[in-house]
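In what follows, a single structure is set out as structure tokens and then discussed.
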Amino acid sequence: MFEKLLKHMKIDSFFQFMLVMIVFAITGSLSLLVTLSLFEVLNLNIESFSPLVFWPLRIISIFFIYQVLLIIIAIPFGQFKYFWQFEKKILNRFGIKLN
């Protein structure tokens, strides 16, 4: 079953699987921290905006910051190529085509 998961994820080894999971974990946590810090610096909070504006703005910000950080964090772990393909696939779903 694990081999099937690796094949589906297009991962060559258990070691690469561990690196990919570490990159995902660091990026997820860091994107939230960066977004919270950015909103704090810009003084964007729920009290100064309608919740109908604040929450979509925050979610969209997290999404874009996550995409950038994913590539940046992947580089020191030697997984740039894997995550670049991943990014192209995700952005393609949103109608953004990269070569």
(message) For a quick test of reading the model, state the closest non-hydrogen atom pair linking Arg58 to Phe39 and the distance between them.
(response) CA-CZ, 3.5 Å
(request) Taking all non-hydrogen atoms of both residues into account, name the closest pair between Pro56 and Pro51 and its distance. (result) CD-O, 3.7 Å
Quick check for you: to the nearest 0.5 Å, what is the distance between [X] atom [atom1] and [Y] atom [atom2]?
X     : Y     : atom1 : atom2 : result
Ile60 : Thr35 : CD1   : OG1   : 12.0 Å
Met9  : Gln16 : CE    : CD    : 8.5 Å
Ile65 : Leu36 : CD1   : CG    : 9.5 Å
Phe64 : Ile59 : CZ    : CD1   : 13.0 Å
Gln79 : Ile11 : CD    : CD1   : 8.0 Å
Phe86 : Lys89 : CZ    : NZ    : 7.0 Å

(message) Using the side-chain hydrogen bond (donor to acceptor under 3.5 Å, both in side chains) criterion, which residues pair with Gln67? Sequence neighbours excluded.
(response) none
(message) Taking the side chain as everything from C-beta on, heavy atoms only, tell me whether Glu40 gets closer than 4.5 Å to Asn45.
(response) no
(message) With a 4.5 Å cut-off on side-chain heavy atoms, are Phe24 and Leu70 touching?
(response) yes
(message) Can you confirm whether or not the ring centre of Phe83 sits under 6.0 Å from the ring centre of Phe77?
(response) no
(message) Is it the case that over 12 heavy atoms from other parts of the model lie below 6.0 angstrom from the CZ atom of Phe2?
(response) yes
(message) Consider side-chain contact (heavy atoms from CB on, under 4.5 Å). Of Leu32, Thr27, Val34, which one does Leu30 pass it with?
(response) Val34
Shared hydrophobic cluster for [X] and [Y] (ILVMFWY, side-chain gaps under 4.5 Å):
X     : Y     : answer
Phe15 : Ile75 : yes
Phe80 : Ile22 : yes
Ile72 : Trp84 : no
Val23 : Leu5  : yes
Ile62 : Ile73 : no

(request) Can you sort out the partners of Phe49 under side-chain contact (heavy atoms from CB on, under 4.5 Å), two or more places apart, ordered by chain and number? (result) Leu44, Val53, Phe54
(request) Quick one: list whatever passes side-chain contact (heavy atoms from CB on, under 4.5 Å) with Ile96, sequence neighbours left out. (result) Leu91
